[in-house]
Amino acid sequence: MTVRTRFAPSPTGYLHVGGARTALFNFLFARRHKGKFILRIEDTDAARSTDEATKAILDGMRWLGLDWDEGPFFQSAMYDEYRRRANDLLEARLAYRCFCTSEELAQRRDVAMKEGRAPMYDGRCRERKDSPDKPYAVRFKSPLTGSTAFKDEIKGEITFDNSTLEDLVILRSDATPTYNFCVVVDDALMGMTHVIRGDDHINNTPKQILIYKALGKPLPIFAHVPMILGADKTRLSKRHGATSVMAYKEMGLLPHALVNYLARLGWSSGDQEIFSIEELIEKFSLENVGKSSGVFNPEKLTWLNQHYIKSSPAKELVPLFLPFLKELGIDGAGDERNERIINTLKERAKTLKEMAFAAAFYYTDKVEYDKKAADKFLLPEAVPVFEALRLKLSGLKVFDAKSIETASIALLDEKAMKLGALAQPVRVALTGGTVSPGIFEMMEAMGQAKTIERIEQAEAFIRERL
RNA sequence: GGUCCUAUCGUCUAGAGGCCUAGGACGUGGCCCUCUCAAGGCCAAAACUCGGGUUCGAAUCCCGAUAGGAUCACCA
(Lines give C-alpha, C1' and ligand atoms only; values in the text may rest on other atoms or scores of the structure.)
Protein backbone atom coordinates (compact mmCIF):
# COMPACT_ATOMS: atom_id res chain seq x y z
CA MET A 1 0.00 0.00 0.00
CA THR A 2 1.43 3.37 -0.87
CA VAL A 3 1.82 5.81 1.95
CA ARG A 4 -0.52 8.80 1.98
CA THR A 5 -0.12 11.65 4.44
CA ARG A 6 -1.75 15.00 4.65
CA PHE A 7 -1.44 18.45 6.13
CA ALA A 8 -4.83 19.82 7.07
CA PRO A 9 -4.69 23.40 8.33
CA SER A 10 -7.73 25.52 9.00
CA PRO A 11 -7.54 28.81 7.13
CA THR A 12 -7.96 31.12 10.07
CA GLY A 13 -4.53 32.75 9.92
CA TYR A 14 -1.07 32.56 8.44
CA LEU A 15 1.09 29.43 8.38
CA HIS A 16 2.89 29.37 11.71
CA VAL A 17 6.03 27.48 12.58
CA GLY A 18 4.17 24.74 14.43
CA GLY A 19 1.95 24.02 11.47
CA ALA A 20 4.92 24.24 9.16
CA ARG A 21 6.74 21.59 11.13
CA THR A 22 3.74 19.30 11.06
CA ALA A 23 3.52 19.84 7.32
CA LEU A 24 7.24 19.17 6.98
CA PHE A 25 7.06 15.89 8.88
CA ASN A 26 4.14 14.75 6.74
CA PHE A 27 5.99 15.80 3.63
CA LEU A 28 9.22 14.07 4.62
CA PHE A 29 7.45 10.91 5.66
CA ALA A 30 5.56 10.71 2.37
CA ARG A 31 8.69 11.36 0.33
CA ARG A 32 10.71 8.91 2.36
CA HIS A 33 8.24 6.18 1.56
CA LYS A 34 7.64 7.26 -2.00
CA GLY A 35 4.07 8.08 -1.11
CA LYS A 36 1.78 11.03 -1.61
CA PHE A 37 1.50 14.19 0.41
CA ILE A 38 -1.93 15.78 0.32
CA LEU A 39 -3.00 19.28 1.27
CA ARG A 40 -6.47 19.76 2.64
CA ILE A 41 -7.98 22.99 3.86
CA GLU A 42 -10.32 22.51 6.80
CA ASP A 43 -12.68 25.39 6.35
CA THR A 44 -15.83 24.09 7.98
CA ASP A 45 -15.85 27.06 10.32
CA ALA A 46 -17.30 29.51 7.83
CA ALA A 47 -17.16 32.38 10.28
CA ARG A 48 -13.42 32.19 10.85
CA SER A 49 -12.12 30.90 7.54
CA THR A 50 -10.86 33.35 4.95
CA ASP A 51 -9.45 33.20 1.45
CA GLU A 52 -6.54 35.37 2.51
CA ALA A 53 -5.57 32.83 5.13
CA THR A 54 -5.76 30.04 2.59
CA LYS A 55 -3.52 31.98 0.28
CA ALA A 56 -1.10 32.80 3.08
CA ILE A 57 -0.82 29.13 4.00
CA LEU A 58 -0.21 28.12 0.40
CA ASP A 59 2.43 30.84 0.05
CA GLY A 60 4.18 29.62 3.15
CA MET A 61 4.16 26.03 1.97
CA ARG A 62 5.55 26.99 -1.41
CA TRP A 63 8.24 29.18 0.07
CA LEU A 64 9.41 26.30 2.24
CA GLY A 65 9.33 24.00 -0.74
CA LEU A 66 6.75 21.67 0.76
CA ASP A 67 5.18 20.64 -2.51
CA TRP A 68 1.98 18.69 -2.23
CA ASP A 69 0.92 15.99 -4.63
CA GLU A 70 -2.84 16.37 -4.37
CA GLY A 71 -5.14 19.21 -3.45
CA PRO A 72 -5.64 21.63 -2.00
CA PHE A 73 -8.99 20.10 -1.20
CA PHE A 74 -11.55 22.17 0.60
CA GLN A 75 -13.89 20.66 3.12
CA SER A 76 -16.48 23.28 2.35
CA ALA A 77 -16.87 21.66 -1.06
CA MET A 78 -17.73 18.33 0.46
CA TYR A 79 -20.67 19.08 2.71
CA ASP A 80 -23.02 16.78 0.84
CA GLU A 81 -20.69 13.88 1.44
CA TYR A 82 -20.53 14.52 5.17
CA ARG A 83 -24.30 14.82 5.40
CA ARG A 84 -24.75 11.59 3.52
CA ARG A 85 -22.38 9.80 5.88
CA ALA A 86 -24.06 11.32 8.91
CA ASN A 87 -27.43 10.14 7.69
CA ASP A 88 -26.03 6.67 7.14
CA LEU A 89 -24.99 6.64 10.78
CA LEU A 90 -28.41 7.93 11.80
CA GLU A 91 -30.13 5.14 9.91
CA ALA A 92 -27.79 2.56 11.35
CA ARG A 93 -28.65 3.95 14.79
CA LEU A 94 -25.00 4.72 15.37
CA ALA A 95 -25.98 8.33 15.73
CA TYR A 96 -29.08 10.08 16.96
CA ARG A 97 -30.98 13.34 16.83
CA CYS A 98 -30.44 15.69 19.72
CA PHE A 99 -32.99 18.39 20.33
CA CYS A 100 -31.23 20.13 23.15
CA THR A 101 -30.47 23.76 22.39
CA SER A 102 -27.09 25.38 22.74
CA GLU A 103 -28.42 27.41 25.65
CA GLU A 104 -29.62 24.35 27.53
CA LEU A 105 -26.32 22.65 26.92
CA ALA A 106 -24.33 25.62 28.10
CA GLN A 107 -26.41 25.86 31.24
CA ARG A 108 -25.96 22.19 32.07
CA ARG A 109 -22.26 22.53 31.49
CA ASP A 110 -22.07 25.38 33.95
CA VAL A 111 -23.94 23.40 36.57
CA ALA A 112 -21.73 20.39 36.04
CA MET A 113 -18.61 22.51 36.38
CA LYS A 114 -19.95 24.09 39.53
CA GLU A 115 -20.68 20.72 41.03
CA GLY A 116 -17.25 19.53 40.06
CA ARG A 117 -18.45 16.99 37.53
CA ALA A 118 -17.04 16.53 34.07
CA PRO A 119 -18.96 18.84 31.72
CA MET A 120 -20.07 16.06 29.43
CA TYR A 121 -23.28 15.76 27.46
CA ASP A 122 -25.56 13.51 29.48
CA GLY A 123 -26.97 11.63 26.52
CA ARG A 124 -30.56 12.47 27.29
CA CYS A 125 -31.65 12.38 23.64
CA ARG A 126 -29.99 9.05 23.05
CA GLU A 127 -33.02 6.86 23.21
CA ARG A 128 -35.71 9.37 22.33
CA LYS A 129 -38.46 7.89 20.24
CA ASP A 130 -40.41 11.08 19.52
CA SER A 131 -39.23 13.47 16.87
CA PRO A 132 -40.47 16.92 17.72
CA ASP A 133 -40.70 19.42 14.93
CA LYS A 134 -37.72 21.31 16.24
CA PRO A 135 -34.23 21.86 14.93
CA TYR A 136 -31.83 19.09 15.91
CA ALA A 137 -28.19 18.28 15.83
CA VAL A 138 -26.89 14.83 15.05
CA ARG A 139 -24.84 13.22 17.75
CA PHE A 140 -22.55 10.26 17.45
CA LYS A 141 -23.45 7.41 19.78
CA SER A 142 -20.32 6.70 21.74
CA PRO A 143 -20.03 3.39 23.62
CA LEU A 144 -20.74 3.71 27.33
CA THR A 145 -18.38 1.00 28.44
CA GLY A 146 -15.07 -0.50 27.46
CA SER A 147 -12.06 1.39 26.25
CA THR A 148 -10.50 2.63 23.06
CA ALA A 149 -6.80 2.26 22.56
CA PHE A 150 -4.34 2.87 19.78
CA LYS A 151 -0.64 2.59 19.23
CA ASP A 152 0.77 5.99 18.52
CA GLU A 153 3.91 5.83 16.38
CA ILE A 154 5.56 8.46 18.51
CA LYS A 155 4.01 8.19 21.96
CA GLY A 156 3.32 4.50 22.15
CA GLU A 157 0.21 2.81 23.48
CA ILE A 158 -2.54 5.20 24.55
CA THR A 159 -5.79 4.10 26.15
CA PHE A 160 -8.98 5.96 26.90
CA ASP A 161 -11.94 4.82 28.92
CA ASN A 162 -15.01 5.08 26.72
CA SER A 163 -16.94 6.42 29.67
CA THR A 164 -14.90 9.60 29.39
CA LEU A 165 -15.86 10.10 25.77
CA GLU A 166 -18.99 12.07 25.13
CA ASP A 167 -21.54 11.80 22.35
CA LEU A 168 -20.16 14.46 20.12
CA VAL A 169 -22.15 16.47 17.65
CA ILE A 170 -21.29 15.49 14.10
CA LEU A 171 -23.90 17.60 12.33
CA ARG A 172 -24.93 20.96 13.71
CA SER A 173 -28.55 22.04 13.77
CA ASP A 174 -27.88 24.04 10.60
CA ALA A 175 -26.80 20.75 8.99
CA THR A 176 -23.15 21.71 8.75
CA PRO A 177 -20.66 19.03 9.79
CA THR A 178 -18.18 19.42 12.62
CA TYR A 179 -14.46 18.92 12.71
CA ASN A 180 -14.06 15.50 14.27
CA PHE A 181 -16.51 14.06 11.80
CA CYS A 182 -15.11 15.74 8.70
CA VAL A 183 -11.55 14.69 9.47
CA VAL A 184 -12.55 11.08 9.72
CA VAL A 185 -14.69 11.09 6.61
CA ASP A 186 -11.98 12.85 4.63
CA ASP A 187 -9.06 10.85 5.90
CA ALA A 188 -10.99 7.65 5.24
CA LEU A 189 -12.20 8.68 1.80
CA MET A 190 -8.86 10.10 0.75
CA GLY A 191 -7.19 6.90 1.84
CA MET A 192 -4.78 8.37 4.38
CA THR A 193 -2.46 5.70 5.70
CA HIS A 194 -0.75 7.90 8.29
CA VAL A 195 -2.15 10.76 10.28
CA ILE A 196 0.75 12.84 11.55
CA ARG A 197 -0.40 15.87 13.53
CA GLY A 198 0.13 17.91 16.67
CA ASP A 199 -0.29 16.14 19.97
CA ASP A 200 -3.05 18.55 20.91
CA HIS A 201 -5.14 16.10 18.88
CA ILE A 202 -4.44 13.10 21.06
CA ASN A 203 -7.66 13.60 22.96
CA ASN A 204 -9.65 13.67 19.73
CA THR A 205 -8.17 10.44 18.50
CA PRO A 206 -10.35 7.95 20.42
CA LYS A 207 -13.48 9.77 19.30
CA GLN A 208 -12.27 9.61 15.75
CA ILE A 209 -11.38 5.96 16.00
CA LEU A 210 -14.91 5.22 17.12
CA ILE A 211 -16.23 7.06 14.08
CA TYR A 212 -13.91 5.15 11.75
CA LYS A 213 -15.34 1.97 13.18
CA ALA A 214 -18.92 3.14 12.85
CA LEU A 215 -18.22 4.08 9.26
CA GLY A 216 -16.68 0.68 8.66
CA LYS A 217 -13.39 2.21 7.54
CA PRO A 218 -9.87 0.96 8.26
CA LEU A 219 -7.85 2.96 10.76
CA PRO A 220 -4.84 4.94 9.69
CA ILE A 221 -1.65 4.87 11.73
CA PHE A 222 -1.53 7.80 14.12
CA ALA A 223 1.57 9.77 15.04
CA HIS A 224 1.29 12.73 17.40
CA VAL A 225 4.08 15.23 17.22
CA PRO A 226 4.85 17.22 20.38
CA MET A 227 4.13 20.93 20.55
CA ILE A 228 6.55 23.75 19.98
CA LEU A 229 6.85 26.03 22.99
CA GLY A 230 8.08 29.55 23.56
CA ALA A 231 11.04 30.45 25.77
CA ASP A 232 8.77 30.45 28.83
CA LYS A 233 7.62 26.94 27.98
CA THR A 234 4.09 27.93 27.17
CA ARG A 235 2.55 27.37 23.81
CA LEU A 236 4.36 29.37 21.15
CA SER A 237 2.56 32.62 20.41
CA LYS A 238 3.18 36.11 19.14
CA ARG A 239 4.50 37.06 22.56
CA HIS A 240 7.55 34.96 21.80
CA GLY A 241 8.36 36.81 18.59
CA ALA A 242 7.64 35.87 15.04
CA THR A 243 5.55 32.76 14.60
CA SER A 244 4.57 33.26 11.00
CA VAL A 245 6.66 31.42 8.47
CA MET A 246 6.53 34.34 6.09
CA ALA A 247 7.80 36.69 8.78
CA TYR A 248 11.04 34.74 8.60
CA LYS A 249 11.17 35.27 4.87
CA GLU A 250 10.86 38.97 5.47
CA MET A 251 13.63 38.88 8.03
CA GLY A 252 15.94 37.49 5.39
CA LEU A 253 15.98 33.83 6.29
CA LEU A 254 16.67 31.21 3.68
CA PRO A 255 13.77 28.76 3.46
CA HIS A 256 16.03 25.79 3.87
CA ALA A 257 17.43 27.18 7.11
CA LEU A 258 13.93 27.14 8.55
CA VAL A 259 13.26 23.70 7.18
CA ASN A 260 16.48 22.36 8.67
CA TYR A 261 15.75 24.03 11.99
CA LEU A 262 12.20 22.78 12.17
CA ALA A 263 13.25 19.27 11.25
CA ARG A 264 15.76 19.21 14.10
CA LEU A 265 13.24 20.56 16.58
CA GLY A 266 11.78 17.33 17.82
CA TRP A 267 13.56 14.99 15.48
CA SER A 268 17.16 13.90 15.30
CA SER A 269 19.50 11.60 13.50
CA GLY A 270 22.43 10.99 15.80
CA ASP A 271 24.62 14.06 16.17
CA GLN A 272 23.97 15.53 12.77
CA GLU A 273 22.78 19.13 12.65
CA ILE A 274 23.03 20.09 9.00
CA PHE A 275 20.79 18.30 6.54
CA SER A 276 20.06 18.89 2.89
CA ILE A 277 16.48 18.24 1.89
CA GLU A 278 17.58 15.00 0.25
CA GLU A 279 19.20 13.84 3.47
CA LEU A 280 16.11 14.77 5.41
CA ILE A 281 13.98 12.67 3.11
CA GLU A 282 16.42 9.82 3.28
CA LYS A 283 16.79 9.86 7.04
CA PHE A 284 13.44 10.95 8.39
CA SER A 285 11.58 8.44 10.49
CA LEU A 286 8.81 8.69 13.03
CA GLU A 287 10.71 6.61 15.54
CA ASN A 288 13.33 9.30 15.85
CA VAL A 289 10.79 11.96 16.67
CA GLY A 290 10.99 12.83 20.37
CA LYS A 291 8.04 12.58 22.72
CA SER A 292 8.44 15.80 24.61
CA SER A 293 7.66 19.32 23.54
CA GLY A 294 10.48 21.61 22.51
CA VAL A 295 11.32 25.26 22.92
CA PHE A 296 11.69 27.31 19.78
CA ASN A 297 15.17 28.78 19.79
CA PRO A 298 15.67 31.73 17.41
CA GLU A 299 19.43 31.83 18.01
CA LYS A 300 19.93 28.38 16.64
CA LEU A 301 17.75 29.20 13.65
CA THR A 302 19.92 32.23 13.01
CA TRP A 303 23.03 30.12 13.24
CA LEU A 304 21.66 27.73 10.64
CA ASN A 305 20.72 30.63 8.42
CA GLN A 306 24.21 32.02 8.71
CA HIS A 307 25.57 28.61 7.88
CA TYR A 308 23.50 28.34 4.73
CA ILE A 309 24.26 31.87 3.61
CA LYS A 310 27.94 31.16 4.10
CA SER A 311 27.84 27.96 2.15
CA SER A 312 25.53 28.96 -0.68
CA PRO A 313 27.08 29.97 -4.00
CA ALA A 314 26.76 33.73 -4.45
CA LYS A 315 24.99 33.09 -7.71
CA GLU A 316 22.08 31.48 -5.88
CA LEU A 317 21.98 34.25 -3.32
CA VAL A 318 21.70 37.09 -5.83
CA PRO A 319 17.97 36.80 -6.61
CA LEU A 320 17.11 36.31 -2.94
CA PHE A 321 19.27 39.23 -1.93
CA LEU A 322 18.09 41.85 -4.43
CA PRO A 323 14.61 42.35 -2.92
CA PHE A 324 16.20 43.30 0.39
CA LEU A 325 18.44 45.77 -1.36
CA LYS A 326 15.38 47.19 -3.04
CA GLU A 327 13.82 47.75 0.36
CA LEU A 328 16.68 50.12 1.05
CA GLY A 329 15.87 51.98 -2.13
CA ILE A 330 18.65 50.42 -4.14
CA ASP A 331 18.04 48.69 -7.42
CA GLY A 332 20.92 46.33 -7.83
CA ALA A 333 19.37 44.24 -10.56
CA GLY A 334 21.75 43.78 -13.46
CA ASP A 335 24.81 45.08 -11.62
CA GLU A 336 27.54 42.70 -12.73
CA ARG A 337 29.30 43.10 -9.40
CA ASN A 338 26.51 41.43 -7.43
CA GLU A 339 28.12 38.05 -7.04
CA ARG A 340 31.46 39.51 -6.04
CA ILE A 341 29.77 41.83 -3.59
CA ILE A 342 27.87 38.98 -1.99
CA ASN A 343 31.03 36.96 -1.74
CA THR A 344 32.57 39.64 0.43
CA LEU A 345 29.55 39.65 2.70
CA LYS A 346 28.54 36.01 2.90
CA GLU A 347 30.71 35.25 5.88
CA ARG A 348 29.50 38.14 7.94
CA ALA A 349 25.77 38.29 7.41
CA LYS A 350 23.32 36.42 9.54
CA THR A 351 20.39 37.26 7.31
CA LEU A 352 19.80 38.53 3.80
CA LYS A 353 18.42 41.66 5.31
CA GLU A 354 21.62 42.24 7.21
CA MET A 355 23.56 41.50 4.06
CA ALA A 356 21.66 44.11 2.10
CA PHE A 357 22.26 46.63 4.81
CA ALA A 358 25.97 45.90 4.81
CA ALA A 359 26.09 45.99 1.01
CA ALA A 360 24.42 49.35 0.53
CA PHE A 361 27.69 51.29 0.38
CA TYR A 362 28.79 49.42 -2.73
CA TYR A 363 25.87 50.78 -4.69
CA THR A 364 25.56 54.37 -3.59
CA ASP A 365 27.20 57.19 -5.56
CA LYS A 366 28.85 58.79 -2.60
CA VAL A 367 29.48 57.49 0.87
CA GLU A 368 28.44 59.30 3.94
CA TYR A 369 31.15 59.29 6.53
CA ASP A 370 30.37 58.24 10.00
CA LYS A 371 31.37 61.20 12.16
CA LYS A 372 33.53 59.30 14.60
CA ALA A 373 35.19 57.27 11.88
CA ALA A 374 36.04 60.33 9.85
CA ASP A 375 37.39 62.19 12.86
CA LYS A 376 39.66 59.34 13.69
CA PHE A 377 40.88 58.17 10.29
CA LEU A 378 40.31 60.80 7.62
CA LEU A 379 43.18 62.99 8.73
CA PRO A 380 45.60 65.17 6.75
CA GLU A 381 48.42 62.66 7.01
CA ALA A 382 46.26 60.18 5.09
CA VAL A 383 46.20 62.33 1.98
CA PRO A 384 49.67 61.47 0.63
CA VAL A 385 49.03 57.80 1.34
CA PHE A 386 45.73 57.96 -0.50
CA GLU A 387 47.38 59.67 -3.44
CA ALA A 388 50.11 57.07 -3.65
CA LEU A 389 47.62 54.26 -3.32
CA ARG A 390 45.46 55.70 -6.02
CA LEU A 391 48.43 55.83 -8.33
CA LYS A 392 49.26 52.20 -7.67
CA LEU A 393 45.66 51.10 -8.14
CA SER A 394 45.09 52.93 -11.36
CA GLY A 395 48.17 51.23 -12.78
CA LEU A 396 46.73 47.79 -12.22
CA LYS A 397 45.69 45.92 -15.31
CA VAL A 398 44.01 43.14 -13.39
CA PHE A 399 41.94 44.51 -10.57
CA ASP A 400 41.54 41.53 -8.30
CA ALA A 401 42.15 41.13 -4.59
CA LYS A 402 45.51 39.49 -5.11
CA SER A 403 46.93 42.21 -7.36
CA ILE A 404 45.51 44.90 -5.15
CA GLU A 405 47.11 43.32 -2.13
CA THR A 406 50.48 43.01 -3.86
CA ALA A 407 50.37 46.63 -4.93
CA SER A 408 49.32 47.76 -1.48
CA ILE A 409 52.06 45.82 0.26
CA ALA A 410 54.59 47.35 -2.09
CA LEU A 411 53.31 50.77 -1.15
CA LEU A 412 53.56 49.96 2.53
CA ASP A 413 57.15 48.88 2.06
CA GLU A 414 58.01 52.11 0.30
CA LYS A 415 56.43 54.16 3.05
CA ALA A 416 57.62 51.88 5.84
CA MET A 417 54.05 51.57 7.09
CA LYS A 418 52.09 48.82 8.69
CA LEU A 419 49.00 47.46 7.04
CA GLY A 420 46.90 48.57 9.98
CA ALA A 421 47.79 52.18 9.30
CA LEU A 422 46.50 51.93 5.77
CA ALA A 423 43.52 49.68 6.21
CA GLN A 424 41.36 51.74 8.50
CA PRO A 425 41.59 55.03 6.58
CA VAL A 426 40.93 53.19 3.33
CA ARG A 427 38.01 51.40 4.91
CA VAL A 428 36.46 54.68 5.96
CA ALA A 429 37.12 56.18 2.54
CA LEU A 430 35.43 53.28 0.81
CA THR A 431 32.55 52.53 3.13
CA GLY A 432 32.14 55.53 5.37
CA GLY A 433 32.54 53.39 8.45
CA THR A 434 35.01 51.23 10.31
CA VAL A 435 33.38 47.87 9.78
CA SER A 436 33.53 46.12 6.44
CA PRO A 437 34.87 43.15 4.54
CA GLY A 438 38.62 42.90 4.06
CA ILE A 439 39.82 45.89 2.09
CA PHE A 440 41.38 44.01 -0.80
CA GLU A 441 38.45 41.80 -1.60
CA MET A 442 36.23 44.79 -1.03
CA MET A 443 38.08 46.91 -3.57
CA GLU A 444 37.86 44.14 -6.09
CA ALA A 445 34.13 43.84 -5.57
CA MET A 446 33.64 47.57 -5.75
CA GLY A 447 35.51 47.89 -9.02
CA GLN A 448 38.55 49.85 -10.04
CA ALA A 449 36.94 53.09 -11.13
CA LYS A 450 34.67 53.37 -8.15
CA THR A 451 37.42 52.49 -5.70
CA ILE A 452 39.66 55.21 -7.05
CA GLU A 453 36.81 57.67 -7.11
CA ARG A 454 36.05 57.04 -3.46
CA ILE A 455 39.64 57.55 -2.44
CA GLU A 456 39.62 60.82 -4.30
CA GLN A 457 36.44 61.84 -2.58
CA ALA A 458 38.03 61.11 0.76
CA GLU A 459 41.02 63.26 -0.12
CA ALA A 460 38.73 66.09 -1.08
CA PHE A 461 36.82 65.66 2.14
CA ILE A 462 40.00 65.93 4.19
CA ARG A 463 41.18 69.02 2.32
CA GLU A 464 37.85 70.70 2.82
CA ARG A 465 38.05 70.20 6.50
CA LEU A 466 41.42 71.90 6.83
C1' G B 1 -11.40 19.70 38.37
C1' G B 2 -11.71 15.04 34.82
C1' U B 3 -8.90 12.79 30.97
C1' C B 4 -4.39 12.37 28.24
C1' C B 5 0.79 13.37 27.29
C1' U B 6 5.78 14.57 28.88
C1' A B 7 10.47 14.89 32.05
C1' U B 8 19.15 14.36 30.09
C1' C B 9 23.43 20.92 30.19
C1' G B 10 19.95 27.77 29.72
C1' U B 11 18.01 25.62 24.66
C1' C B 12 17.75 21.50 20.70
C1' U B 13 19.26 16.68 21.41
C1' A B 14 22.52 11.57 21.48
C1' G B 15 21.66 7.60 24.70
C1' A B 16 17.37 1.04 23.16
C1' G B 17 20.67 -2.17 31.09
C1' G B 18 27.29 -2.52 31.45
C1' C B 19 30.63 0.92 25.76
C1' C B 20 28.68 7.09 30.40
C1' U B 21 34.29 9.93 34.01
C1' A B 22 26.80 11.06 30.10
C1' G B 23 28.44 12.63 23.66
C1' G B 24 27.18 16.56 19.85
C1' A B 25 25.02 21.38 18.48
C1' C B 26 23.19 26.54 19.58
C1' G B 27 24.17 30.16 23.08
C1' U B 28 27.86 31.89 26.91
C1' G B 29 33.19 32.75 28.61
C1' G B 30 38.52 32.44 27.43
C1' C B 31 42.64 31.90 24.04
C1' C B 32 44.60 31.78 18.89
C1' C B 33 44.28 33.88 13.93
C1' U B 34 43.72 39.04 12.17
C1' C B 35 43.54 45.38 8.10
C1' U B 36 38.00 46.43 11.15
C1' C B 37 33.84 43.19 11.70
C1' A B 38 32.88 38.49 10.99
C1' A B 39 34.17 33.59 9.80
C1' G B 40 37.49 29.76 11.44
C1' G B 41 40.54 26.87 15.12
C1' C B 42 41.38 25.38 20.24
C1' C B 43 39.76 25.28 25.37
C1' A B 44 36.15 25.86 29.38
C1' A B 45 31.73 26.13 32.42
C1' A B 46 27.04 23.62 31.97
C1' A B 47 22.34 18.18 32.60
C1' C B 48 20.23 12.44 33.75
C1' U B 49 13.49 16.18 38.60
C1' C B 50 12.88 13.42 43.27
C1' G B 51 11.73 8.77 45.95
C1' G B 52 11.07 3.70 45.87
C1' G B 53 11.71 -0.92 43.46
C1' U B 54 13.69 -4.86 39.50
C1' U B 55 18.92 -6.28 38.48
C1' C B 56 25.48 -8.42 39.86
C1' G B 57 24.74 -3.55 37.39
C1' A B 58 19.98 1.69 35.61
C1' A B 59 19.98 8.09 32.38
C1' U B 60 17.98 3.62 30.19
C1' C B 61 12.83 -1.17 32.83
C1' C B 62 8.48 -0.80 36.68
C1' C B 63 5.71 2.05 40.47
C1' G B 64 4.82 6.59 42.99
C1' A B 65 5.51 11.78 43.89
C1' U B 66 6.55 16.43 41.85
C1' A B 67 6.60 19.71 37.89
C1' G B 68 5.28 21.21 33.00
C1' G B 69 2.01 20.82 28.87
C1' A B 70 -2.47 19.46 26.08
C1' U B 71 -7.59 18.80 26.01
C1' C B 72 -12.61 18.82 27.86
C1' A B 73 -17.92 23.37 22.27
C1' C B 74 -23.61 22.82 17.61
C1' C B 75 -14.14 25.85 17.10
C1' A B 76 -10.66 23.41 14.16
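Chain letters run A, B, ... following the sequence lines, proteins first, then strands; residues in each count from 1.
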- [ ] Before giving the answer on side chain to side chain donor-acceptor pair (under 3.5 Å), spell out for A:Q75 and A:D186 the whole-Å C-alpha distance, their side-chain angles and the decisive distance to 0.1 Å.
- [x] CA-CA 8 Å; A:Q75 291 192 321; A:D186 283 336; 2.6 Å; yes

Open item on the list: Using the rule given for side chain to side chain donor-acceptor pair (under 3.5 Å), can you reason through A:Y79 versus A:T44, listing the C-alpha separation, both sets of side-chain angles and the distance that settles it, and then say yes or no?
Closed with: CA-CA 9 Å; A:Y79 277 10; A:T44 50; 5.3 Å; no

Task: N-O pairing of A:K372 and A:D370 below 4.0 Å - done: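 No, A:K372 and A:D370 are not salt-bridged.
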
Anything under 3.5 Å between a protein N or O and an N or O of nucleotides 33-35 of chain B, put it in a table, one pair a line.
unit_1	atom_1	unit_2	atom_2	d
B:C35	O2'	A:R427	NH2	3.2
B:C35	O2	A:R427	NH2	2.3
B:C35	N3	A:I439	N	3.3

For a quick test of your reading: what N or O donor-acceptor pairs under 3.5 Å do the side chains of residues 153-161 of chain A make, sequence neighbours left out?
unit_1	atom_1	unit_2	atom_2	d
A:K155	NZ	A:D199	OD2	3.0
A:K155	NZ	A:K291	O	3.0

Please list, one pair per line, the donor and acceptor atoms closer than 3.5 Å that link side chains of residues 136-144 of chain A to other protein atoms, with sequence neighbours excluded.
unit_1	atom_1	unit_2	atom_2	d
A:Y136	OH	A:R97	NE	3.4
A:R139	NH1	A:D167	O	2.7
A:K141	NZ	A:R93	O	3.4

TODO: Return the set of residues passing salt bridge (charged side-chain N to carboxylate O under 4.0 Å, His left out) with A:K371 (not counting sequence neighbours), or none when no residue passes.
DONE: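 Scan of A:K371 (salt bridge (charged side-chain N to carboxylate O under 4.0 Å, His left out), adjacent residues dropped) gives A:D375.
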
Task: Atom P, compared across B:A58 and B:A16: separation rounded to whole Å - done: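 Looking at atom P only, B:A58 and B:A16 are 16 Å apart.
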
Task: Nearest-Å distance once atom P is located in both B:A7 and B:U11 - done: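 It comes out at 14 Å once rounded to the nearest Å.
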
TODO: Decide whether A:Q424 and A:K376 meet the rule of one side-chain donor and one side-chain acceptor closer than 3.5 Å.
DONE: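 Result is no, nothing qualifies.
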
Task: Donor-acceptor pair under 3.5 Å, A:S436 side chain vs B:C37 base - done: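 No, the side chain and the base share no sub-3.5 Å donor-acceptor pair.
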
Task: Under 4.0 Å protein heavy-atom contact, by nucleotide of nucleotides 16-31 of chain B - B base, S sugar-phosphate only - done: B------BBBS-----

- [ ] Using a cut-off of strictly less than 4.0 Å between a heavy atom of the residue and any atom of RNA chain B, enumerate the qualifying residues of residues 139-155 of chain A by number.
- [x]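 Correct list: A:R139, A:K155.
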
